[in-house]
Amino acid sequence: MNRNDRRVAIAAVCVGVLALVGIWIGGENPPTSTQGDEETRDSSYSRESSGSRDSSNSYYAVEGRAVERFPFDPNTADSTQLLRLGLQPWQVKNIYKYRAKGGIYRQKEDFAKLYGLTVKQYRELEPYIRISSDYQPAATLVETRESRDSRNSSDTRDSSLRYPIKIKENEHVVLNTADTTQLRTVPGIGAYYAKEIVRHGQWLGGYVSVDQLDEIEGFPQESKKYFVIQGASPKKLNVNKLSLQQLRKHPYINYYQAKTILDYRRLHGKITSLDDLRLSKDFPPEAIRRLEPYVEF
């Protein structure tokens, strides 16, 4: 390179170095001041926004409140109590509007109609709702003459059912036709034995003797003298047609007796009399005598 070329090259390098230094210096300082300005503005905006929310919306800043549970009447509870229960401010406002228009919560279920109330919230609040009787219709205080007469009549009837008048020594009750109410008029017979007498009679197919009451466990012997049998007509069992299970349903026929009847029918044909079964050990004379009123052939 000649002298002029060397001068041009050195001048170009110097200009390049100066440009790089200028770029480095100019790119370092502006971001610092810009970033600081932005941080200052953000901090100022944050304080202003926070202050604005605190001052204008303080009534709604209730997210952090603790929910409490205590008895309350939605007809009289004030806003403080309702907020403590976990209701939102706008729900409290709706309750106040409803009450201002003459609305009344007459039963717990009425409170479930509150707009925005969830099933979970209502189930949690329901045990604590107390509706004062002051908010029930005044008509509930009025009792008509008919209702009083009906109630008095019902009370008299219920009293007679609970404490029936007992019959006298010379009076009797027909065992086959008496219901539980009549049976309870017998001295010594209460609700339990009255039901047992009816049940055992249905099981037998009808009573044919007062002594059959002895088959009821613990039956009071002194009460038997008040019963009589009139027009006994017990339900009959056809021993030539019924199956083993059908025969066993009668209290006077057990499994072995029912099987003996079926075996006799299979080997000898129809039974014409219970005497046909006397040779069987399962039919002693007492069993035949007791069963005779209840069979047919």
Side-chain angles (χ1 to χ4, degrees), residues 41-166 179-185 190-195 198:
R41 286 197 300 270
D42 291 345
S43 176
S44 175
Y45 175 77
S46 176
R47 287 195 300 271
E48 290 176 359
S49 299
S50 176
S52 175
R53 285 197 301 269
D54 291 345
S55 60
S56 62
N57 296 329
S58 58
Y59 180 73
Y60 293 92
V62 292
E63 289 77 2
R65 69 179 185 273
V67 176
E68 302 178 36
R69 292 289 179 260
F70 51 85
F72 72 99
D73 187 339
N75 292 300
T76 58
D78 59 26
S79 59
T80 302
Q81 293 174 314
L82 296 172
L83 289 172
R84 286 168 55 199
L85 290 166
L87 297 179
Q88 296 300 318
W90 52 270
Q91 289 177 310
V92 176
K93 185 177 180 181
N94 287 339
I95 293 174
Y96 270 73
K97 286 183 177 180
Y98 177 73
R99 296 191 320 209
K101 293 180 180 179
I104 296 176
Y105 298 96
R106 300 188 187 279
Q107 54 187 357
K108 292 182 178 182
E109 291 76 9
D110 292 342
F111 192 70
K113 300 176 183 178
L114 177 64
Y115 180 75
L117 191 68
T118 66
V119 173
K120 179 181 178 182
Q121 288 175 316
Y122 175 72
R123 287 177 177 171
E124 291 177 354
L125 292 172
E126 190 269 340
Y128 300 95
I129 299 176
R130 305 287 188 271
I131 306 296
S132 173
S133 59
D134 294 340
Y135 292 94
Q136 298 302 321
T140 58
L141 300 176
V142 180
E143 185 179 35
T144 64
R145 180 177 180 181
E146 291 78 6
S147 63
R148 288 197 301 270
D149 293 343
S150 176
R151 186 187 63 185
N152 293 336
S153 176
S154 177
D155 291 344
T156 302
R157 183 167 58 255
D158 292 342
S159 178
S160 65
L161 290 174
R162 290 194 299 269
Y163 309 105
I165 299 175
K166 300 297 184 179
D179 58 19
T180 55
T181 302
Q182 293 172 310
L183 292 171
R184 290 179 62 191
T185 63
Y192 171 77
Y193 281 118
K195 292 179 181 178
V198 172

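Every value quoted in this text rests on a predicted model; they were computed, and no experiment measured them.
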**Request:** Mind listing the closest non-hydrogen atom pair of Y96 and S79 along with its distance?
**Result:** OH-N, 2.9 Å
**Message:** Would you say that more than 12 heavy atoms from the other residues, nucleotides or ligands in this model lie under 6.0 Å from the OH of Y115, or not?
**Reply:** no
**Asked** Do L87 and L114 come within less than 4.5 Å of each other through their side chains, counting heavy atoms only?
**Response** yes
**Side chains of Y105 and K113 in contact at under 4.5 Å (non-hydrogen atoms)** = no
**Prompt:** Is K108 close to Y122 at the side-chain level, that is, under 4.5 Å between some pair of heavy atoms?
**Reply:** yes
**Asked** How about I129 and P74: do any of their side-chain heavy atoms sit closer than 4.5 Å?
**Response** yes
**Item:** Sub-4.5 Å side-chain heavy-atom contact between F111 and L117
**Value:** yes
**Message:** Would you compute the distance between atom NZ of K195 and atom CG of L183 and round it to the nearest 0.5 angstrom?
**Reply:** 12.5 Å
**Message:** Looking at Y135, is its backbone amide N or carbonyl O close enough to the side chain of S132 to form a donor-acceptor pair, meaning the two atoms are under 3.5 Å apart?
**Reply:** no
**Request:** Measure across P164 and T185 and return the closest heavy-atom pair with its distance rounded to 0.1 Å.
**Result:** CB-CG2, 4.3 Å
**Request:** Please tell me if the side chains of R106 and N75 come closer than 4.5 Å, counting only heavy atoms from C-beta onward.
**Result:** no
**Item:** Rounded distance (nearest 0.5 Å) linking atom CD1 of I131 with atom CZ of F72
**Value:** 8.0 Å
**Asked** Say you draw a straight line from CZ of R84 to CD of Q81; how long is it, rounded to the nearest 0.5 Å?
**Response** 6.5 Å
**Item:** Separation of T76 OG1 from R130 CZ (nearest 0.5 Å)
**Value:** 12.5 Å
**Message:** For a quick test of reading the model, state the closest non-hydrogen atom pair linking R184 to K166 and the distance between them.
**Reply:** O-NZ, 2.5 Å
**Prompt:** With a 4.5 Å heavy-atom cut-off, do D179 and V198 have their side chains touching?
**Reply:** no
**Asked** With a 4.5 Å heavy-atom cut-off, do V67 and L85 have their side chains touching?
**Response** no
**Item:** Atom pair NZ/CD of K93 and Q88 - distance to nearest 0.5 Å
**Value:** 14.0 Å
